[in-house]
Amino acid sequence: MAGLALLTGCGGGGSDGDSRTPRATGASVGGSVAVGAPMADAVIRVVDSTGAVIASGVGVDAAGAYTGVALTGTGPWRIEACGHAGDNYRCIYSVTQGGGTANVTPLTTAAVLLATGQSPEDLMQGTSPTLTPTNLANAQTALRQGLSGVLADAGVASDFDFISGNLSAGTRTGYDRVLDAVGVTTGEASQPFVQITPRMGTGNLYIEAGSAPQGTLTVDSAAASVSLAGIEPLFVSLTQALSSRTACDANLEGLIASSAMMSFDSPTPATGAHDVAALMCDFIGDTAHEGPGFGVALVSPTLGRCDLSGADPVCRVSFVLRMPDGSLQSIGEEMAVAREGGNWKFKGQVNPIAIHANATVQRSQAFDAGGNTAVTYQRALQFDIQAYSGLQCAKVSQRNASGNEVVLAWFKPYGGSPQRLSAWRDGSSNVELNPTASGGTLRDADDTWIMLPDGTAGDSSINNFYRAGRSVTFTLYGNSACSTPFTIAGRSEFEVDVMGVPPLSDRLDSFPWPNLTAASAANLRTLSLASSASGSFQASWTFARGFTNMGEASFCTDYSCGDGSSARIGEGRISSSTSTAQSLNVALSNGSTALPAAHFKMLALYGRTGEGMGVQANFAYCPNGIGSFGQCNP
């Protein structure tokens, strides 16, 4: 009895010590799969201690539950659940020593990583000899210590087992509230690590396997009085209101916060419950102009950071529609709910000015007819700041681990009528950190990307995000000298979380990149099209390590191949309901100039990691060989 109790505290039970290999004796495993919300479209895969797959494609129901997975072979058994958190496709992990309950959450992922020192990409391959009850217990202890305030806020015991403890996905209470209250990220620096950022407080927690946690998390004093339980019923009611035009007109306004604001990219946003509800009903029903149509359903939302400072608490949420074909479509960025009079209501855009921050990483592979290849990498941060009337300057900065400000870039409005502010640069197109420099310039009207330097110079900025937190601060000014604060709705500073963080330079090679199959590479080399001809390109790819969700592609006849370029002769998209697909048919429509086989051609695949970082993989055929900088010769 004592032995069984001890093992249950280590996550799932089933072995009587680290020295013996647990064997399946008709046992089965089940549990909840949750990221705060139930993970949408999730499927389970299980491998035994040798890495042999004993179950795959196991479905998870709408409440986040999976049941009855029979265990064969020997343990410990590693568990992977892949599905959607919001509209981002991600995988999370867990373990069982011998059956029973094994929840799969971001915190079980963290426990397994810290117990093994293995990245998630490597966890499900081969053996994992360090995945013992003792190592799991130590990993959970480290996590519980760092999360002590979060556990207390949620009413969860200080010795709670994240793997086998009670979890009701989507209830926003107990363990599920803990998952709502923190963002959990895994990555690789000097070794695999876990980073935890608070959504209802301040601080940052960074943990490497075998090392003491760095940083602290502090729960906002107002959090205890804020129940999250009403968020799920709100989204159920929103879905019902979007079932028809009649239901939308009759019911949506009552679900919208009085402080709501929504623009759908319009220069003049709608404000207030009545106008926002009318705008949303019009947008949903306007199928002639990209509206999804009534009858769509809202996916159970994942939470972002909450602002509990005002009388009406506000929490960022994902706002994702389930389309009739089963695919997912995100509606807007930085959406939120507000708690008015004790009831959660949809607020729309969280900030009065549209601001967005995300990271991206790109790999370009060039190859020629002789079999020579070259690979180059780029990492960047993208900051989109609405060109608001009267806004003349914006500073984007982050805090380092010591709490000191680090300026990343300045932005100013380009001439004409731009939608966004553009980056302030020097004469060599590098970021200019002096906002009044005489040589400062703006390149064009949509220059929002800040390229990170290669090597350790770029790594310093990335390490700040790992060790000091994932947010950046946008400070607004009303003059070109960037000295007079510009106030919108009583604020001139806005804090925004960055979607994803690029890999460190020494981890770029091992990032889970897609690799074209030999057949696809050969077809890229030999493809030709007559002038004004149509055709298609079948792209297929594999992964040497891990998995990244690639959802779109473009086919280009020149490196300069942006949206609307005549060099972009083909585009394709994978429905997000089939996110595990590793092939895509790209429809081609050539221009007036014939495309011979011996001509530059490039396939670009676009995707996102589970935390929203943009990923681009380029495959370029170089008929005239490869130049010294890894690009095709003219």
Chemist: Which distance, rounded to the nearest 0.5 Å, do you find between the OH of Y559 and the CD of Q631?
Modeler: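 That separation rounds to 4.5 Å.
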
Chemist: Heavy atoms, side chains only, cut-off 4.5 Å: are V112 and R78 in contact?
Modeler: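 No, their side chains stay 4.5 Å or more apart.
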
Chemist: From the options N515, N618, L516, select the one residue that forms a side chain to side chain contact (heavy atoms under 4.5 Å, CB included) with Q365.
Modeler: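 For Q365, the side chain to side chain contact (heavy atoms under 4.5 Å, CB included) check succeeds only for N515.
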
Chemist: With salt bridge (charged side-chain N to carboxylate O under 4.0 Å, His left out) as the test, pick out the partner of D497 among R470, R305, R199.
Modeler: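 Testing D497 for a salt bridge (charged side-chain N to carboxylate O under 4.0 Å, His left out) against R470, R305, R199 leaves exactly one candidate, R305.
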
Chemist: Between N351 (side chain only) and A354 (backbone N and O only), is there a donor and an acceptor less than 3.5 Å apart?
Modeler: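 Flag not set: sc N351 to bb A354 has no pair under 3.5 Å.
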
Chemist: So W541 and L603, do their side chains get closer than 4.5 Å, heavy atoms only?
Modeler: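 No, side chains not in contact.
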
Chemist: For residues V501 and Q195, determine if any side-chain heavy atom of one lies less than 4.5 Å from a side-chain heavy atom of the other.
Modeler: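 V501 vs Q195: side chains apart.
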
Chemist: Go through the structure and list residues passing side-chain hydrogen bond (donor to acceptor under 3.5 Å, both in side chains) with T109, not counting sequence neighbours.
Modeler: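 In terms of side-chain hydrogen bond (donor to acceptor under 3.5 Å, both in side chains), with neighbours along the sequence ignored, T109 is linked to no residue.
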
Chemist: Heavy-atom distance under 4.5 Å between the side chains of H356 and V496, does that happen here?
Modeler: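 No, every pair of side-chain atoms sits at 4.5 Å or beyond.
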
Chemist: If we only count heavy atoms from C-beta on, is the P514 to Q582 side-chain gap below 4.5 Å?
Modeler: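 Contact flag for P514/Q582 side chains = no.
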
Chemist: A side-chain contact here means heavy atoms from C-beta on lying under 4.5 Å apart; do I79 and Y66 qualify?
Modeler: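 Side chain of I79 against side chain of Y66, heavy atoms only: contact under 4.5 Å found.
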
Chemist: How long is the span from the CG atom in L179 to the CD1 atom in I92, to the nearest 0.5 Å?
Modeler: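 It comes to 8.5 Å.
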
Chemist: Please report the shortest heavy-atom distance between A394 and I385, naming the atom on each side.
Modeler: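 Closest approach of A394 to I385, heavy atoms only: CB-CD1, 3.8 Å.
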
Chemist: Step through it carefully: locate the ring centre of Y206, locate the ring centre of Y466, and say whether they are under 6.0 Å apart.
Modeler: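 No - the distance between ring centres of Y206 and Y466 does not fall below the 6.0 Å cut-off.
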
Chemist: Taking the six-membered ring where the residue is Trp, are the ring centres of Y89 and F547 under 6.0 Å apart?
Modeler: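 Yes.
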
Chemist: Any salt bridge between R425 and D447, counting N to O under 4.0 Å?
Modeler: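 A salt bridge is present here (some side-chain N lies under 4.0 Å from a carboxylate O).
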
Chemist: Measuring from L433:CG to W424:CH2, what's the distance to the nearest 0.5 Å?
Modeler: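 With rounding to 0.5 Å, CG (L433) is 12.5 Å from CH2 (W424).
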
Chemist: A side-chain contact here means heavy atoms from C-beta on lying under 4.5 Å apart; do T517 and T542 qualify?
Modeler: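 Touching, per the 4.5 Å side-chain cut-off.
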
Chemist: Going by an N to O cut-off under 4.0 Å, is there a salt bridge joining D459 and R507?
Modeler: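 R507 and D459: not salt-bridged.
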
Chemist: Any chance you could measure M613, atom CE, to T360, atom OG1, to the nearest 0.5 Å?
Modeler: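 Separation between the atoms: 7.0 Å.
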
Chemist: Do the ring planes of F411 and F383 sit parallel (below 30°), tilted (30 to 60°) or perpendicular (above 60°)?
Modeler: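 Judged by the thresholds at 30° and 60°, the geometry between F411 and F383 is perpendicular.
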
Chemist: Using a 6.0 Å cut-off, check whether atom CG of N585 has over 12 heavy atoms from anything other than its own residue.
Modeler: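 Check passes, neighbour count above 12.
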
Chemist: Out of curiosity, W410 CH2 to S397 OG, how far, rounded to the nearest 0.5 Å?
Modeler: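 Here the rounded value is 8.5 Å.
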
Chemist: Taking side chain to side chain contact (heavy atoms under 4.5 Å, CB included) as the definition, give me every residue that meets it alongside P38, ordered by chain and number, with sequence neighbours left out.
Modeler: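 Side chain to side chain contact (heavy atoms under 4.5 Å, CB included) list for P38, sorted by chain: A169, S300.
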
Chemist: Is any side-chain heavy atom of L595 closer than 4.5 Å to one of L527?
Modeler: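 Yes, side chains in contact.
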
Chemist: Looking at A357 and V472, what are the two nearest heavy atoms and their distance?
Modeler: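 That would be CB-CG2, 4.1 Å.
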
Chemist: Looking only at the side chains, is there a donor atom on one of D509 and Y377 sitting less than 3.5 Å from an acceptor on the other?
Modeler: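 Looking only at side-chain atoms, Y377 and D509 do form a donor-acceptor pair, the distance falling under 3.5 Å.
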
Chemist: If I take atom CG from residue L588 and atom CD from residue E571, how far apart are they, to the nearest 0.5 angstrom?
Modeler: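 Interatomic distance, L588 CG to E571 CD, rounded to 0.5 Å: 11.0 Å.
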
Chemist: For S461 and G458, indicate whether the former's side chain and the latter's backbone hold a donor-acceptor pair under 3.5 Å.
Modeler: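 Flag not set: sc S461 to bb G458 has no pair under 3.5 Å.
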
Chemist: Mind running side chain to side chain donor-acceptor pair (under 3.5 Å) on Q118 and S128 for me, showing each step along the way?
Modeler: CA-CA 9 Å; Q118 290 180 287; S128 187; 2.8 Å; yes

Chemist: Using atom types as modelled and distance alone, determine if a side-chain donor or acceptor of T116 lies under 3.5 Å from a backbone N or O of L131.
Modeler: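 No, because the side chain of T116 does not come within donor-acceptor range (under 3.5 Å) of the backbone of L131.
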
Chemist: Checking S327 against D325 for the side chain to side chain donor-acceptor pair (under 3.5 Å) test, could you report, in this order, the C-alpha distance in whole Å, the side-chain angles of both residues, the deciding distance, and whether it holds?
Modeler: CA-CA 6 Å; S327 65; D325 64 358; 2.6 Å; yes

